[in-house]
Protein chains: 4
Amino acid sequence: MAKPNGISKQELIQYAKQCLVEKGTEKFTLRAVADTAGVTQGTIYYHFRTKEQLLLGIVEDNCETSWQEISKSNTYVLKQAIASAKSRCSYDSFFHQLFILITAASFKNDKIRYQLSEIIQAENQALSENLLKIWSESPVKGVSMDTWGIMFNAMVDGLAMQALLQKDFPVEKVYQELEQVIGVLTSFGKKEAIE
Amino acid sequence: MAKPNGISKQELIQYAKQCLVEKGTEKFTLRAVADTAGVTQGTIYYHFRTKEQLLLGIVEDNCETSWQEISKSNTYVLKQAIASAKSRCSYDSFFHQLFILITAASFKNDKIRYQLSEIIQAENQALSENLLKIWSESPVKGVSMDTWGIMFNAMVDGLAMQALLQKDFPVEKVYQELEQVIGVLTSFGKKEAIE
Amino acid sequence: MAKPNGISKQELIQYAKQCLVEKGTEKFTLRAVADTAGVTQGTIYYHFRTKEQLLLGIVEDNCETSWQEISKSNTYVLKQAIASAKSRCSYDSFFHQLFILITAASFKNDKIRYQLSEIIQAENQALSENLLKIWSESPVKGVSMDTWGIMFNAMVDGLAMQALLQKDFPVEKVYQELEQVIGVLTSFGKKEAIE
Amino acid sequence: MAKPNGISKQELIQYAKQCLVEKGTEKFTLRAVADTAGVTQGTIYYHFRTKEQLLLGIVEDNCETSWQEISKSNTYVLKQAIASAKSRCSYDSFFHQLFILITAASFKNDKIRYQLSEIIQAENQALSENLLKIWSESPVKGVSMDTWGIMFNAMVDGLAMQALLQKDFPVEKVYQELEQVIGVLTSFGKKEAIE
DNA sequence: TATGAATGAGGTTTCATTCAT
DNA sequence: GATGAATGAAACCTCATTCAT
């Protein structure tokens with residue numbers, strides 16, 4: 001019964017994340033979080049005024065994580081981003097399950113919903129900038145770089161969602177062919193914008 | 001006190017759908033469904049053995065709806081599909097909210113999860129066939145028509161998710177530019193497959 | 001979906017008995033009985049005004065069965081009765097489970113309780129008479145034949161209850177030794193009553 | 001609104017026992033227990049994870065009570081045990097009603113069933129030892145002391161069950177005559193074992 | 001005669017939240 | 001700071017019973 005006293009907000013959030021994915025939205029109870037963290041429910045209430053505050057904490061944390069990754073990936077190139085996306089594209093993806101679960105919860109919580117949109121827009125922006133690095137300009141006339149970022153991000157999330165549902169989703173094949181498409185677009189971009 | 005109102009399973013499912021989107025996963029209670037439908041909770045249990053069965057009923061219903069639309073869209077062309085996707089791409093989209101909610105629920109229910117994957121694969125397939133009609137062959141060498149279907153569907157869902165979260169998501173702009181991209185790909189496909 | 005119309009009260013009681021033992025008091029619902037009998041709940045209400053009436057029907061039926069066996073066993077001798085008791089002395093004994101279940105229910109239903117007592121007294125009486133046949137008079141002075149009947153019946157039920165609870169209850173051994181005891185008492189009875 | 005009344009598991013079990021006998025299996029609801037104990041239903045669930053656990057708690061409690069009595073009775077003699085059994089042999093016996101109710105419940109719960117069998121076997125054992133004290137050896141050849149314990153216990157339970165059902169069961173008479181029988185057996189035992 | 005849709009009261013259970021310690 | 005006993009509202013679910021057909 002060793003009591004590792006002094007649990008931090010941050011730690012609680014990590015445990016809560018774990019719980020959320022392990023138990024799903026339905027069974028995501030404060031009791032479960034407390035058990036996972038090895039503390040009592042009272043302790044959670046010492047750190048978060050309500051359950052909603054805890055959920056918000058999770059989202060904020062994800063937000064920060066995302067920002068860090070994005071700023072990192074700014075220094076790398078697109079390949080890195082794709083590799084990362086591919087690795088998260090699976091039936092058991094913690095990351096995307098969490099995202100879907102929070103998205104589902106966000107429909108009834110405007111604050112969370114807004115934060116999620118901020119995260120996504122930052123991702124879109126970062127992707128757009130990365131694409132610019134390898135394309136220098138949009139390979140298709142009339143399609144802005146912003147839109148390429150949006151579409152790229154949408155594609156990655158959309159594929160992830162399919163993989164999340166379909167056990168034998170052909171991740172390898174699809175990502176390989178997706179890179180093919182990007183390659184072709186890149187080669188056009190380098191020649192001239194296509195009308 | 002039995003009043004044979006004559007409510008059908010189908011009607012209950014419709015009311016349940018309405019409830020699910022109006023109240024969100026968290027507040028999607030059988031009492032709420034019962035109230036919405038104007039029956040007692042017992043009545044729901046007469047038609048569905050558990051809440052989960054009701055949820056499954058909703059999914060199955062969506063499945064059938066999807067199938068019908070897909071078989072319809074086979075006779076139409078891709079433009080139709082895009083228009084439909086665009087119309088569903090909004091901050092308040094009942095359709096996509098329901099989908100996300102069910103997806104979230106599916107993580108803890110393999111049966112639902114499997115059914116969802118079936119729906120998606122059917123959509124992918126239908127899209128692939130429609131693309132073939134206007135492309136006759138894949139515009140990018142090494143990218144199978146199946147993959148085009150998958151990617152197209154992923155894109156549509158990904159965009160919808162963004163629109164769901166971001167109030168001022170530029171639906172018009174993005175879809176217009178997406179069509180631009182498709183147009184370009186089509187023109188390539190008509191010349192020759194690109195290496 | 002062949003509907004064997006015209007189910008009788010008697011048949012319903014048999015199905016109800018089966019249900020009671022298969023599902024236990026707790027899950028002994030009219031729905032379960034109806035399902036077992038292949039009819040609807042309404043049908044049960046056609047034959048029995050309430051659930052209690054059905055339970056009473058079961059008890060009455062058992063009563064009649066008992067009477068029949070008792071009057072039969074009057075013609076046979078004690079050995080028969082013992083063999084029958086032994087065969088019913090097991091971990092899975094339908095007969096005794098039913099008896100315990102009904103006894104439990106009887107605590108809140110005086111009518112049932114009274115009927116059960118009538119059954120038992122009849123059994124006691126029959127046993128007493130059978131003992132008289134082989135003993136001609138009580139082998140122990142001061143112990144009436146009525147009491148022997150009561151004690152014998154109590155012993156049989158008590159052993160059955162133990163067997164009902166204990167998986168490896170040594171039925172064979174105990175009954176063999178019980179017969180030994182009876183044998184000894186009999187031999188005394190034949191010599192002279194013991195003081 | 002948390003009022004630390006400080007109700008203990010033990011107390012809850014006592015209240016539950018009271019409820020069980022007062023209301024019978026059918027009406028043995030957690031609401032009733034909560035009301036009797038003066039707490040809310042939630043409180044019960046704080047102490048017992050399910051209703052079944054509470055029932056198990058009752059059984060375990062009875063188990064311990066039995067053990068205590070048994071170990072006590074080891075120091076006393078058989079007369080004590082008989083007197084105790086007789087006092088519990090009545091139409092309203094809390095003790096035996098509880099036992100029957102739990103036995104009925106045990107048919108659907110192997111854990112409870114097993115515990116009951118353990119209690120009974122301990123009783124059998126204790127009785128056998130006590131009989132040995134006054135008999136020194138089995139008064140009937142071929143009948144082991146273990147079996148005497150089993151039979152004695154069965155007799156006591158069987159008589160109790162009859163008394164439970166029959167309002168005017170002749171407790172006094174039967175127990176007096178039962179002691180007579182034991183006396184006779186004892187006197188044999190002292191002479192020599194009977195063949 | 002029998003059915004099956006519907007009811008409503010009440011059961012067990014869960015859970016965010018409170019508060020004395 | 002942290003705990004854990006307690007709450008109470010509300011969730012899911014069951015079931016005897018009713019009644020139009």
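Naming convention: chains lettered A, B, ... in sequence-line order (proteins, then strands); numbering from 1 in each chain. What you see is a predicted model, and the numbers here were worked out from it, not measured in a lab.
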- Note on the structure: Picking from F/dA11, E/dA16, F/dC13, the nucleotide nearest the side-chain atoms of A/Tyr45 would be E/dA16

- Note on the structure: Taking for D/Thr43 and for C/Gly42 the nucleotide of DNA chain F with the nearest heavy atom, the one nearer the 5' end belongs to D/Thr43

- Out of F/dA11, E/dG8, F/dT17, which has the shortest distance to the side chain of B/Thr40? E/dG8

- Query: Is there a side-chain polar atom (N or O) of C/Arg31 under 4.0 Å from OP1 or OP2 of F/dT14?
  - Reply: no

- When the distance from NZ of A/Lys9 to P of F/dG1 is rounded to whole Å, what number comes out? 12 Å

- Note on the structure: In whole angstroms, the gap separating P of E/dC15 from CZ of D/Arg49 amounts to 14 Å

- Proximal nucleotide (of E/dA6, E/dT12, F/dA11) relative to the B/Lys51 side chain: F/dA11

- Mind calculating the distance between CG (A/Asp35) and C1' (E/dT14) to the nearest angstrom? 14 Å

- What distance do D/Lys23 atom NZ and D/Leu101 atom CG have between them, rounded to the nearest 0.5 Å? 14.5 Å

- Query: Rounded to whole angstroms, how far apart are NZ on B/Lys23 and C1' on F/dA10?
  - Reply: 13 Å

- Under 4.0 Å: is that the gap between some side-chain N or O of D/His47 and OP1 or OP2 of F/dG4? no

- Task: Any chance you could encode DNA chain E as dot-bracket? Rule is Watson-Crick or G-U wobble with both distances under 3.5 Å; [ ] for pairs crossing earlier ones, | for another strand.
- Result: .||||||||||||||||||||

- Query: Does the side chain to side chain donor-acceptor pair (under 3.5 Å) test come out yes or no for C/Ser106 and C/Thr103, once each step is laid out?
  - Reply: CA-CA 5 Å; C/Ser106 82; C/Thr103 300; 5.3 Å; no

- How many Å lie between OH on A/Tyr46 and C1' on F/dG1, as a whole number? 5 Å

- List in chain and number order the residues that pass salt bridge (charged side-chain N to carboxylate O under 4.0 Å, His left out) with B/Lys17, two or more places apart in sequence or in another chain; answer none if no residue qualifies. B/Asp61

- Walking DNA chain E from its 5' end, the first of D/Thr50 and C/Ile44 to be reached, judged by nearest nucleotide, is C/Ile44

- Item | Interatomic distance where CD belongs to B/Gln41 and P belongs to E/dA6 [whole Å] | 15 Å

- B/Lys51 atom NZ: more than 12 heavy-atom contacts under 6.0 Å: yes

- Would you classify B/Phe28 as touching base, sugar-phosphate or nothing, given that sugar-phosphate means primed atoms plus P, OP1 and OP2, and contacts are heavy atoms under 4.0 Å? sugar-phosphate

- Task: Inspect the surroundings of CZ in A/Phe94 and state if more than 12 heavy atoms from other residues, nucleotides or ligands are less than 6.0 Å away.
- Result: yes

- Item | Over 12 foreign heavy atoms within 6.0 Å of CD, C/Glu52 | no

- Send over the distance from A/Leu30 CG to F/dG4 C1', rounded to a whole Å. 15 Å

- Message: Working note: C/Glu11 + C/Tyr15, criterion side chain to side chain donor-acceptor pair (under 3.5 Å); need CA distance, chi angles, decisive distance, verdict.
- Response: CA-CA 6 Å; C/Glu11 284 173 294; C/Tyr15 285 121; 5.4 Å; no

- Note on the structure: Whole-Å distance, B/Lys27 NZ to F/dA9 P, equals 14 Å

- Could you work out which one of E/dT12, F/dC12, F/dC15 sits closest to the side chain of C/Thr29? F/dC15

